[in-house]
Number of protein chains: 2
Amino acid sequence: MIEIGEVTVPAATVARLPYYLRALRDLTREGVDTTSSSELAERSGVGSAQLRKDLSYLGSFGTRGVGYDVESLSSYIAAALGLGSEHRLAIVGVGNLGHALANYSGYAARGFCLVALLDADPSVVGREAAGLVVEHVDELERVLGERDVSMVILATPGSAAQAVAERVVACGVREILSFSPVALQLPDDVVVRSVDVAGELQILAFHAAARNAQQGDGVARPDGPSTPRAPAEVGKNSVT
Amino acid sequence: MIEIGEVTVPAATVARLPYYLRALRDLTREGVDTTSSSELAERSGVGSAQLRKDLSYLGSFGTRGVGYDVESLSSYIAAALGLGSEHRLAIVGVGNLGHALANYSGYAARGFCLVALLDADPSVVGREAAGLVVEHVDELERVLGERDVSMVILATPGSAAQAVAERVVACGVREILSFSPVALQLPDDVVVRSVDVAGELQILAFHAAARNAQQGDGVARPDGPSTPRAPAEVGKNSVT
DNA sequence: ACTTGTGAATAACTTCACAGCA
DNA sequence: TGCTGTGAAGTTATTCACAAGT
């Protein structure tokens with residue numbers, strides 16, 4: 001549950017707002033200017049009641065009997081997500097993953113601005129990526145201060161993550177997106193979101209195991225590539 | 001809620017098992033062979049009651065008054081996560097991100113085996129990465145069949161994701177990890193986990209906006225790099 | 001007629017608190 | 001004594017179902 005201004009928004013609702021925003025922007029691109037809770041919900045992969053409930057925490061945006069204006073709902077959600085003010089971003093750890101994240105092109109379009117890359121490896125420092133020169137992590141405090149960084153993406157090895165996170169927090173950063181598979185121990189007011197690819201695969205493996213345990217007790221995948229399929233009705237697949 | 005064998009495990013519990021497993025493996029590496037719910041919980045970033053409750057869905061592994069044997073709990077969780085049988089993995093979309101995911105070194109150690117890379121871009125097809133040659137996505141059905149792929153990582157552009165996902169599902173794959181920011185419409189029995197970096201940043205931006213709205217109504221970040229900090233007590237930061 | 005917005009009902013998840021056992 | 005395992009209580013989130021509005 002997150003308080004913003006007067007109102008309180010469930011964390012689960014906040015986590016879905018980006019989906020709604022994406023769906024709305026797709027609609028804009030397609031030239032659609034009015035939509036309904038059911039259309040928007042389907043495109044976002046949630047139920048329509050869920051979508052209406054979620055929006056109701058933020059206010060009242062639709063017209064009964066008609067639906068939602070794509071443009072205005074879109075800009076309202078963008079505003080709620082704080083995408084009006086530009087968020088200045090640094091990436092610490094420019095290995096495989098950090099490098100890929102640096103080259104991600106969608107930051108600007110979504111109100112983010114990548115302003116610094118940092119790494120500890122001397123063979124990476126000085127290299128250029130995404131129009132920025134990689135700086136040494138020793139300079140972290142100076143760089144984050146000078147560039148007025150307010151958000152950090154952590155893509156260091158797990159062993160370095162806690163120490164780097166502490167330094168980042170000491171620089172005043174309060175929102176961190178971590179790709180390191182460790183539980184960061186940080187002050188309560190710091191918001192950490194954590195993405196763990198290996199963990200996601202393990203969760204999928206659990207589902208696979210559950211399926212196999214259920215159906216037939218068999219050992220491996222029960223069917224080859226060319227077997228009749230279940231009717232491809234649209235389903236709500238579990239996400240995050 | 002997920003049924004496996006006789007029992008039913010909450011989805012939220014399953015999503016935490018990888019954290020517990022990671023913490024246990026860290027303990028093993030440190031030579032610790034007995035632990036308690038509170039130590040393990042702290043290392044995993046959850047509460048100790050939560051951890052005990054989670055484990056209780058899977059069975060009863062500890063010794064009252066003593067704690068848990070690191071080794072046996074570790075292998076039990078690994079088994080529950082289906083990491084006994086090897087999961088054969090393909091990556092579709094070898095751009096920035098797909099390439100980084102291909103070079104991720106942790107698959108083997110976690111019971112996964114990367115066996116194919118596919119892309120639609122002729123300038124990428126034929127290149128080598130992670131010891132594999134990138135094949136053309138036209139060959140998807142053949143490659144997935146021949147290599148007995150059971151899980152797919154989707155790292156294509158959003159526009160291609162739905163079509164590729166349908167083909168992958170038609171090959172019998174039932175677990176997909178998607179990095180494309182679209183809600184895939186697939187049969188109910190397909191499990192999709194979705195990682196959306198831009199979405200994560202937007203959620204962080206919401207938190208930042210909430211913080212700013214609360215404290216002082218100010219415009220930007222209220223303090224510079226060198227301000228006295230809150231007492232760095234350990235907190236439960238929100239994760240996924 | 002049709003779709004939103006929302007109380008009320010249900011379900012899922014977390015936390016508490018303590019019995020049970022080494 | 002100390003820590004696990006778990007019912008019960010509390011909290012959060014989702015779904016239902018319908019009144020309100022256009």
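Below, chain A is the first sequence line, B the second, and so on; all start at residue 1.
At least one side-chain heavy atom of B:Y107 sits under 4.5 Å from a side-chain heavy atom of A:L201.
With rounding to whole Å, B:Y76 atom OH is found 12 Å from D:dG5 atom P. Between A:L51 atom CG and D:dC16 atom C1' there is a gap of 16 Å when expressed in whole angstrom units. Taking atom CG of residue B:D69 and atom C1' of nucleotide D:dC3, one finds them 15 Å apart after rounding to whole Å. Following rounding to the nearest Å, A:L55 (CG) and C:dT4 (C1') show an atom-to-atom distance of 10 Å. The interatomic distance linking B:L58 (CG) with D:dG5 (C1') rounds to 13 Å, in whole Å.
The closest donor-acceptor contact from the side chain of A:E71 to the backbone of A:D69 lies at 3.5 Å or more, if one exists at all. At distances below 3.5 Å, at least one donor-acceptor pair connects side-chain atoms of B:Q185 with backbone N or O atoms of B:A183. Looking only at distances, a side-chain donor or acceptor of B:S180 sits under 3.5 Å from a matching main-chain atom of B:T156. Between the side chain of A:R174 and the main chain of A:V169, a donor-acceptor pair closer than 3.5 Å is present. Of the possible donor and acceptor atoms, one in the side chain of A:H87 sits under 3.5 Å from a partner among the backbone N and O of A:G82.
Residue A:L83 comes nearest to B:A205 through the heavy atom pair CD2-CB, 4.0 Å, listed as atom of the first residue, atom of the second, then distance.
Of the residues B:V46, B:L21, B:L51, the one that meets the side chain to side chain contact (heavy atoms under 4.5 Å, CB included) test with B:R16 is B:V46.
Annotation: salt bridge (charged side-chain N to carboxylate O under 4.0 Å, His left out) contacts of A:R52 (sequence neighbours excluded): none. Listed by chain and residue number, A:D196, B:Y104, B:R110 satisfy the side-chain contact (heavy atoms from CB on, under 4.5 Å) test with A:A198 (two or more places apart in sequence, or in another chain). Listed by chain and number, the residues in a side chain to side chain donor-acceptor pair (under 3.5 Å) with A:R25 amount to none (sequence neighbours excluded).
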Tabulate protein N/O versus nucleotide N/O from nucleotides 6-13 of chain D, keeping only pairs under 3.5 Å, one per line.
residue	atom	partner	partner atom	Å
D:dG7	N7	B:K53	NZ	3.3

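Pairs of Watson-Crick or G-U wobble type, with distances under 3.5 Å, assemble into runs of 3 or more in DNA chain D at these ranges: C:1-22 with D:1-22.
For the contact set between residues 24-40 of chain B and DNA chain D, defined by any heavy atom under 4.0 Å, the members are B:S36, B:S37.
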